[in-house]
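See below for the structure under consideration.
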Amino acid sequence: MSTVLILILFFTATDIAQASDKEQLISAPKVQKVDLKLMLEKGTSKEKKARFFALLKPIIQAENQYIAQQRKWLSALNLNKLSTADQKKLQRIALQYEVETEKPVKEIYATLLNRVNTIPVELVLVQAANESAWGRSRFAQEANNLFGQWCFSKGCGVIPKGRPEGKRYEVAKFSSPQLSVRAYLHNLNTFWAYKNLRAQRAQAEKHHQPVTAQLLAKTLTRYSQRGQAYVDELLQMIKVNQKLINQVPKAV
């Protein structure tokens, strides 16, 4: 499992979900019951991988669908004819995606179109597998944390063994693996370290090219201290596991 370079969570996944409900945004998906203890069961390597993908693929699709719905609403807006309700909703989404609401509407809108977008399922799955040792790591089992996300308030998570003296970070704890997925997607879509990912995604869409897991994986050198070696490992994992991922049925 790689070590995350810097992964600041401005909001916990629970905060995001609660804000969405409170502010009446498009409803965030219901948190599904997922038990990572299943990943400790015996089986062949292929069986364990298939179990991991089958467990997580539906919740990733649900979270992506939520983001896609928000993006669809944004794309349909006419900035020259915004109703009061539209203005309020736009502001709420801007707050959710950490966009300064004091900026001109057109600037807010452009930033949101850059941020409110999906991440390929294959990339989410292989990063979760890489960061959580296929759901068997201490942080996955004790904290439902699949991506190595950090938090910085005392008691917010699990203290990693060997944490340097004087450091305050903890590995964030989630009540469900799905909320770990939600926080990960939010992180890639907002944090400065992944602006290249968002730029590559936007560029591909502008030229009507597919936004693939391989394309975005190449931008993740800042996700780990291992840099390019980490990216190369993700690309290899995508290649090796693509067929198995495709065999997992889509969520109904």
Side-chain angles (χ1 to χ4, degrees), residues 6-30 59-124 127 147 149 178-223:
I6 298 179
L7 200 57
I8 300 175
L9 298 179
F10 293 95
F11 301 104
T12 66
T14 304
D15 290 335
I16 296 168
Q18 290 174 343
S20 297
D21 292 338
K22 182 179 179 181
E23 297 171 355
Q24 297 181 344
L25 296 175
I26 300 168
S27 297
K30 183 179 179 181
I59 66 176
I60 295 168
Q61 290 172 330
E63 293 298 323
N64 263 335
Q65 184 179 19
Y66 168 52
I67 296 170
Q69 288 172 343
Q70 289 183 310
R71 184 173 181 82
K72 183 178 180 180
W73 181 84
L74 287 168
S75 299
L77 282 181
N78 181 345
L79 296 186
N80 296 317
K81 295 182 179 180
L82 286 178
S83 67
T84 301
D86 286 340
Q87 291 177 33
K88 290 181 178 179
K89 195 169 187 177
L90 184 64
Q91 185 177 52
R92 289 195 293 267
I93 295 177
L95 288 171
Q96 182 183 357
Y97 284 87
E98 301 171 27
V99 179
E100 294 181 19
T101 55
E102 294 79 11
K103 294 181 178 181
V105 172
K106 288 185 178 181
E107 190 173 340
I108 293 172
Y109 183 74
T111 304
L112 283 175
L113 286 182
N114 180 264
R115 295 187 177 191
V116 184
N117 210 339
T118 58
I119 301 294
V121 172
E122 297 87 348
L123 178 57
V124 185
Q127 273 206 275
F147 302 95
Q149 294 114 313
Q178 184 169 346
L179 296 181
S180 175
V181 171
R182 190 175 297 177
Y184 157 87
L185 294 173
H186 180 262
N187 191 50
L188 291 192
N189 279 329
T190 59
F191 193 41
W192 67 266
Y194 311 120
K195 63 181 181 180
N196 287 341
L197 179 148
R198 299 190 289 273
Q200 284 289 330
R201 182 175 61 188
Q203 189 72 5
E205 291 188 336
K206 179 180 179 181
H207 295 285
H208 306 288
Q209 296 172 347
V211 178
T212 65
Q214 292 88 339
L215 176 71
L216 299 192
K218 292 175 182 178
T219 69
L220 293 176
T221 52
R222 288 184 178 272
Y223 200 96

*asked:* Under a 3.5 Å threshold, yes or no: a donor from one side chain and an acceptor from the other, between Q96 and Q70?
replied: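 Yes, a side-chain donor-acceptor pair sits under 3.5 Å.
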What's the shortest heavy-atom distance between [X] and [Y], and which atoms?
{"X": "Y66", "Y": "S27", "result": "CD1-O, 3.5 Å"}
{"X": "V124", "Y": "F147", "result": "O-CE2, 3.6 Å"}
{"X": "Q127", "Y": "Y184", "result": "OE1-OH, 2.7 Å"}
{"X": "P29", "Y": "A62", "result": "CG-O, 3.8 Å"}
{"X": "P210", "Y": "A204", "result": "O-CB, 4.2 Å"}
{"X": "L216", "Y": "L123", "result": "CB-CD2, 3.8 Å"}

*Verdict with reasoning, Q91 to Q87, per side chain to side chain contact (heavy atoms under 4.5 Å, CB included)*: CA-CA 6 Å; Q91 185 177 52; Q87 291 177 33; over 6 Å; no
*Determine, step by step, whether Q214 and E122 satisfy the side chain to side chain contact (heavy atoms under 4.5 Å, CB included) criterion, reporting the C-alpha distance in whole Å, the side-chain angles of both residues, the deciding distance to 0.1 Å, and the verdict.*
CA-CA 9 Å; Q214 292 88 339; E122 297 87 348; over 6 Å; no
Below 3.5 Å, can you tabulate the donor-acceptor pairs from side chains in residues 100-114 to any protein atom, sequence neighbours excluded?
unit_1 : atom_1 : unit_2 : atom_2 : d
Y109   : OH     : L74    : O      : 2.7
T111   : OG1    : E107   : O      : 3.0

_Checking I119 against L197 for the side chain to side chain contact (heavy atoms under 4.5 Å, CB included) test, could you report, in this order, the C-alpha distance in whole Å, the side-chain angles of both residues, the deciding distance, and whether it holds?_
CA-CA 10 Å; I119 301 294; L197 179 148; 3.9 Å; yes
*Side-chain contact test, heavy atoms from C-beta onward, threshold under 4.5 Å: evaluate it for Q203 versus Q209 and give yes or no.*
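Of all side-chain heavy-atom pairs linking Q209 with Q203, none is under 4.5 Å.
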*How many angstroms lie between CG in L220 and CZ in R222, if you round to the nearest 0.5 Å?*
11.5 Å
*Gap separating the CD atom of Q149 from the NE2 atom of H186, nearest 0.5 angstrom*: 11.5 Å
_Basic-acidic side-chain contact under 4.0 Å: E205, R71_ = yes
*With E63, which residues qualify under salt bridge (charged side-chain N to carboxylate O under 4.0 Å, His left out), at least two apart?*
R182
*Can you check side chain to side chain contact (heavy atoms under 4.5 Å, CB included) on W73 and I93, steps first, answer last?*
CA-CA 11 Å; W73 181 84; I93 295 177; 3.9 Å; yes
*How far apart are the C-alpha atoms of R201 and N189, what are their side-chain angles, what is the distance that settles it, and do they pass the side chain to side chain donor-acceptor pair (under 3.5 Å) test?*
CA-CA 11 Å; R201 182 175 61 188; N189 279 329; 2.8 Å; yes
_Ring centre gap for Y223 and Y194 strictly below 6.0 Å_ = yes
*Residues forming a side-chain contact (heavy atoms from CB on, under 4.5 Å) with N80, sequence neighbours excluded*: N78
*asked:* Looking at L188, is its backbone amide N or carbonyl O close enough to the side chain of R198 to form a donor-acceptor pair, meaning the two atoms are under 3.5 Å apart?
replied: yes
*asked:* Looking at Q200 and L215, would you say the former's side chain and the latter's main chain have a donor-acceptor pair under 3.5 Å?
replied: no
